[in-house]
There are 2 protein chains.
Amino acid sequence: MNLQDQLNHNGLRLTHPRQVVMSVLEAANIPLSPQSIHQRSLEAQEEIGLVSVYRTLDLLTELGLVRRVHGHEECQGYVLASPGHHHHVVCRQCEAAVEFTGMEDVSLLVERIQAQTGFTIDEHLLQFYGLCPACQEEVER
Amino acid sequence: MNLQDQLNHNGLRLTHPRQVVMSVLEAANIPLSPQSIHQRSLEAQEEIGLVSVYRTLDLLTELGLVRRVHGHEECQGYVLASPGHHHHVVCRQCEAAVEFTGMEDVSLLVERIQAQTGFTIDEHLLQFYGLCPACQEEVER
DNA sequence: ATCCTTATTGAAAACGTTTTTCAATAAGGA
DNA sequence: TCCTTATTGAAAAACGTTTTCAATAAGGAT
């Protein structure tokens with residue numbers, strides 16, 4: 001199911017700004033702020049309004065096509081989401097973000113905490129920070 | 001080494017706003033935004049300027065006494081940097097925050113992700129959201 | 001291909017948060 | 001107690017994000 005259909009099924013339309021935001025995110029492999037997405041759209045000679053970037057990011061996030069990521073300094077970072085519930089390891093130095101899968105350990109943890117505290121848990125926030133392989137090498141030199 | 005000495009050693013001074021921010025953070029054990037720290041200082045009849053809250057948080061973070069944390073919606077959250085790393089379950093309804101311990105599962109997870117991605121991980125952000133026992137009962141009625 | 005409805009856009013204005021500026025204040029060593 | 005200067009608070013500036021609204025264009029219907 002492509003973007004066009006996914007939008008139309010919800011009574012939404014495939015517009016120029018939406019295509020541009022998607023292709024900018026596809027080209028970049030690091031989380032981008034709304035500002036820098038807008039910047040890159042201009043550099044690509046695809047003028048779209050900053051306001052539309054914000055609106056499009058909200059929409060794409062809701063559709064699950066894009067995921068919001070918290071950088072160390074920049075709070076509003078967006079990356080393309082691969083399907084399923086994923087989390088990111090973010091590099092402290094170059095801001096590269098890598099997704100990882102297999103959250104059985106978290107499910108176990110959730111169950112234990114529910115039993116331990118009596119809470120029912122329906123959501124969690126999990127993110128790791130460190131150094132990516134490339135930046136590790138740079139530091140060693 | 002107390003706060004007073006730690007500040008004076010660096011040519012800094014122990015002032016009223018700094019004491020207030022510290023005691024607000026000590027009283028709350030969940031991440032607080034600059035705004036809500038300010039709010040709580042007013043409620044405690046300890047009027048300090050919002051500007052000083054910002055400046056004090058920067059300072060305390062630099063001194064390593066406070067740590068910045070990214071919340072789900074609110075990006076600027078600050079907690080006391082206690083040596084023992086702990087996490088919270090936060091109630092969606094009444095905001096109650098309960099600490100839980102025993103993070104062996106997370107250590108396992110960290111090791112697996114390090115092996116899987118090649119990153120070295122030195123920090124993580126983990127928080128759970130749900131309903132506390134009291135609010136669960138209320139919902140059932 | 002054209003029309004028609006309405007989702008969507010972009011510019012401006014509104015908004016909230018964070019930072020800067022600067023004169024007045026107060027911390028703490030002499 | 002004095003003196004230096006780090007620090008404060010209020011106002012203004014700067015910044016990022018959201019809202020408003022008339023104009024536009026997407027895409028189903030004709």
Side-chain angles (χ1 to χ4, degrees), chain A residues 1-24 31-42 44-63 65-66 68-78 95, chain B residues 1-24 31-63 65-66 68-78:
Chain A
M1 195 172 182
N2 57 10
L3 182 56
Q4 169 95 21
D5 292 345
Q6 189 150 359
L7 288 168
N8 291 355
H9 269 245
N10 296 35
L12 303 169
R13 295 169 184 179
L14 180 59
T15 63
H16 186 229
R18 287 171 186 170
Q19 290 175 312
V20 172
V21 170
M22 273 306 265
S23 72
V24 166
L32 296 179
S33 67
Q35 313 283 337
S36 58
I37 291 171
H38 182 235
Q39 187 62 37
R40 289 183 187 214
S41 85
L42 299 185
Q45 322 279 2
E46 301 283 0
E47 297 225 355
I48 60 176
L50 177 56
V51 191
S52 294
V53 175
Y54 279 102
R55 286 189 284 225
T56 299
L57 287 172
D58 283 351
L59 180 73
L60 294 176
T61 302
E62 202 154 327
L63 290 178
L65 297 173
V66 151
R68 188 169 164 201
V69 155
H70 293 267
H72 244 229
E73 291 309 312
E74 274 200 335
C75 285
Q76 297 257 66
Y78 292 85
E95 301 259 320
Chain B
M1 196 170 181
N2 59 11
L3 183 56
Q4 168 94 16
D5 292 343
Q6 189 152 359
L7 288 169
N8 291 355
H9 270 245
N10 296 33
L12 303 168
R13 295 169 184 179
L14 180 59
T15 63
H16 186 229
R18 288 172 185 170
Q19 289 174 314
V20 172
V21 169
M22 273 305 266
S23 73
V24 166
L32 295 180
S33 67
Q35 311 283 338
S36 58
I37 291 172
H38 182 234
Q39 187 62 37
R40 289 182 188 216
S41 84
L42 298 184
E43 283 163 8
Q45 322 279 2
E46 302 281 1
E47 298 224 355
I48 59 176
L50 176 57
V51 192
S52 295
V53 174
Y54 279 101
R55 285 188 285 224
T56 300
L57 287 172
D58 282 350
L59 181 73
L60 294 176
T61 302
E62 202 154 327
L63 290 178
L65 297 171
V66 152
R68 189 172 164 199
V69 151
H70 294 266
H72 237 225
E73 292 309 311
E74 274 198 334
C75 285
Q76 297 257 65
Y78 292 85

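We use all heavy atoms of the structure for the numbers below, so side chains are in, but hydrogens, waters and symmetry mates are not.
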Strictly by Watson-Crick or wobble contacts shorter than 3.5 Å, is anything paired with [N], and which nucleotide is it?
N: C:dC3; result: D:dG28
N: C:dA30; result: D:dT1
N: D:dG9; result: C:dC22
N: C:dG16; result: D:dC15

Kindly compute the distance separating [atom1] ([X]) from [atom2] ([Y]), expressed to the nearest 0.5 Å.
X: A:Asp58; Y: A:Leu63; atom1: CG; atom2: CG; answer: 11.0 Å
X: A:Ser33; Y: A:Gln39; atom1: OG; atom2: CD; answer: 9.5 Å
X: B:Leu7; Y: B:Leu60; atom1: CG; atom2: CG; answer: 7.5 Å
X: B:Gln19; Y: B:Leu3; atom1: CD; atom2: CG; answer: 7.5 Å
X: A:Leu57; Y: A:Ile37; atom1: CG; atom2: CD1; answer: 4.5 Å

Could you check how far [atom1] of [X] sits from [atom2] of [N], rounded to whole Å?
X: A:Leu50; N: C:dA14; atom1: CG; atom2: P; answer: 18 Å
X: A:Leu3; N: D:dG27; atom1: CG; atom2: P; answer: 10 Å
X: B:Gln76; N: C:dG16; atom1: CD; atom2: P; answer: 17 Å
X: A:Asp58; N: D:dT17; atom1: CG; atom2: C1'; answer: 10 Å
X: A:Gln19; N: C:dT8; atom1: CD; atom2: C1'; answer: 13 Å
X: A:Asn2; N: D:dG27; atom1: CG; atom2: P; answer: 11 Å
X: B:Glu46; N: D:dT8; atom1: CD; atom2: P; answer: 14 Å
X: B:Ile48; N: D:dA10; atom1: CD1; atom2: P; answer: 11 Å

Checking contacts here: which listed nucleotide (D:dA10, D:dT18, D:dT17) is nearest the side-chain heavy atoms of A:Val51? D:dT18

Shortest non-hydrogen contact from B:Arg13 to B:Asn8? CA-OD1, 4.1 Å

How close do A:Pro34 and A:Gln76 get, heavy atom to heavy atom, and via which atoms? CD-O, 3.6 Å

Answer yes or no: is there a side-chain heavy-atom contact under 4.5 Å between B:Val66 and B:Val21? no

Less than 4.5 Å apart, any side-chain heavy atom of B:Gln35 and any of B:Leu50? yes

Scan nucleotides 26-30 of chain C against the protein and return all N/O pairs shorter than 3.5 Å with their distances rounded to 0.1 Å.
from	atom 1	to	atom 2	distance (Å)
C:dA27	N3	B:Arg13	NH1	3.0
C:dG28	OP1	B:Asn8	OD1	3.3
C:dG28	OP1	B:Leu14	N	2.8

Output yes when at least one side-chain N/O atom of B:Gln35 is less than 4.0 Å from OP1 or OP2 of C:dG16, else no. no

Short heteroatom pairs, N/O only, protein and nucleotides 21-24 of chain D, under 3.5 Å:
none

Can you name the one residue among A:Leu65, A:Ile48, A:Leu59 that meets side chain to side chain contact (heavy atoms under 4.5 Å, CB included) with A:Arg18? A:Leu59

Where each residue is assigned the nucleotide of DNA chain D containing its nearest heavy atom, which of B:Gly11 and B:Gly49 is assigned the position nearer the 5′ end? B:Gly11

